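Keep in mind that what you see is a predicted model, and the values were worked out from it rather than measured. Residue numbers begin at 1 in each chain, while the letters A, B, ... track the order of the sequences. Basis for what follows: all heavy atoms, side chains included, without hydrogens, waters or symmetry-related copies.
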Amino acid sequence: AQSVTQPDARVTVSEGASLQLRCKYSYSGTPYLFWYVQYPRQGLQLLLKYYSGDPVVQGVNGFEAEFIKSNSSFHLRKASVHWSDSAVYFCAVSAGNSNNRIFFGDGTQLVVKP
Amino acid sequence: EAAVTQSPRNKVAVTGGKVTLSCNQTNNHNNMYWYRQDTGHGLRLIHYSYGAGSTEKGDIPDGYKASRPSQENFSLILELATPSQTSVYFCASGDAGGGPYAEQFFGPGTRLTVL
C-alpha cells in the first residue's frame with residue numbers, strides 16, 4: 001500500500017525567505033504525487049500534482065515540487081514566502097491500483113512571520 | 001465553478017444520538033469521499049463511493065455508515081454518536097475518468113462535537 005511521511009509537523013519562516021517542505025512516499029511502483037494546501041477553516045485545495053515528465057513541476061502561487069525517485073521524495077519549494085502562505089500543507093500519493101484513492105500525509109503547518 | 005458543499009457547518013450532538021452529515025457536489029463527479037481530520041492524524045478516509053447506490057469502506061469505517069442516493073449527494077451517518085467521533089469532517093469529490101491522477105475537490109468541512 002501507499003503511504004506518505006511528512007517529517008515536520010510545523011515549519012516557521014520569515015516573510016521573503018525561501019521554503020522547503022519535506023515529503024517522502026512509500027510505493028514500489030510509479031506514484032502519482034500531489035501537494036494540497038488547507039487555509040484556516042477551509043477545505044483542501046490542490047497546489048500541484050506530478051506523474052511523469054520533468055521532475056520539477058510548477059504549481060499555483062509560485063510553488064514548485066521536485067520528484068526524486070532515488071530518494072522517494074517530493075519536496076515542496078517556494079523561493080520567497082508571503083504571510084498569506086501560512087496554512088497547512090499536505091503531501092499525498094495515489095497509484096494505479098488504489099481505486100482512485102489518495103493517501104495523505106499528516107500535514108505540515110507553515111507559519112510565516114512578518 | 002465546481003463546488004462541494006456540506007451541511008451543517010457546525011454540529012453539537014449528545015452521546016448516543018444520531019447524526020447525519022450531508023454533502024452535495026455540482027461537479028458531476030462519480031467518486032465521493034468522507035474524511036475526518038484530527039490533530040496528528042491528517043486526513044483519514046471513512047467511506048467512499050463510486051456512484052449513486054454504491055458505498056465502500058475506507059480505513060476507519062467503524063461507527064459510521066454512508067449513503068449515496070444520487071450522483072450529487074453523499075451522507076455520513078453516525079447512528080450512535082460517541083465523544084471519540086468529535087472531529088472535523090470533510091467531503092470530497094473526484095472525477096472517476098481521471099483515474100489515480102484525478103484531483104479531489106473538498107468541501108469546507110463540518111465541525112462535529114459530541115458531548
Can you hop from [X] to [Y] via hydrophobic side chains spaced under 4.5 Å?
| X | Y | answer |
| --- | --- | --- |
| Tyr27(A) | Val57(A) | yes |
| Val60(A) | Leu76(A) | yes |
| Val114(B) | Ile60(B) | yes |
| Tyr89(A) | Val81(A) | yes |
| Tyr39(A) | Val11(A) | yes |

With a 4.5 Å limit on heavy-atom distance, are the side chains of [X] and [Y] in contact?
| X | Y | result |
| --- | --- | --- |
| Tyr48(B) | Arg101(A) | yes |
| Gln42(A) | Phe90(B) | no |
| Tyr36(A) | Glu103(B) | yes |

Turns out that what part of Tyr51(A) lies under 4.5 Å from chain B's heavy atoms comes down to both
The interface call for Gln38(A) against chain B, heavy-atom contacts under 4.5 Å, is side chain
query = In terms of the angle between their ring planes, are Tyr101(B) and Phe34(A) parallel, tilted or perpendicular, with boundaries placed at 30° and 60°?
reply = tilted
Does this structure show an ion pair linking Arg44(B) with Asp106(A), if we count only N-O contacts that are shorter than 4.0 Å? no
- Item | CZ (Arg77(A)) with more than 12 external heavy atoms under 6.0 Å | yes
Most heavy-atom pairs under 4.5 Å with chain A, out of Asp95(B), Val88(B), Asp59(B), belong to Asp59(B)
Scored by heavy-atom pairs under 4.5 Å with chain B, the best of Leu44(A), Val88(A), Leu46(A) is Leu44(A)
Bottom line for Ala92(B): the part with an atom under 4.5 Å from chain A's heavy atoms is neither
The interface call for Gln6(B) against chain A, heavy-atom contacts under 4.5 Å, is neither
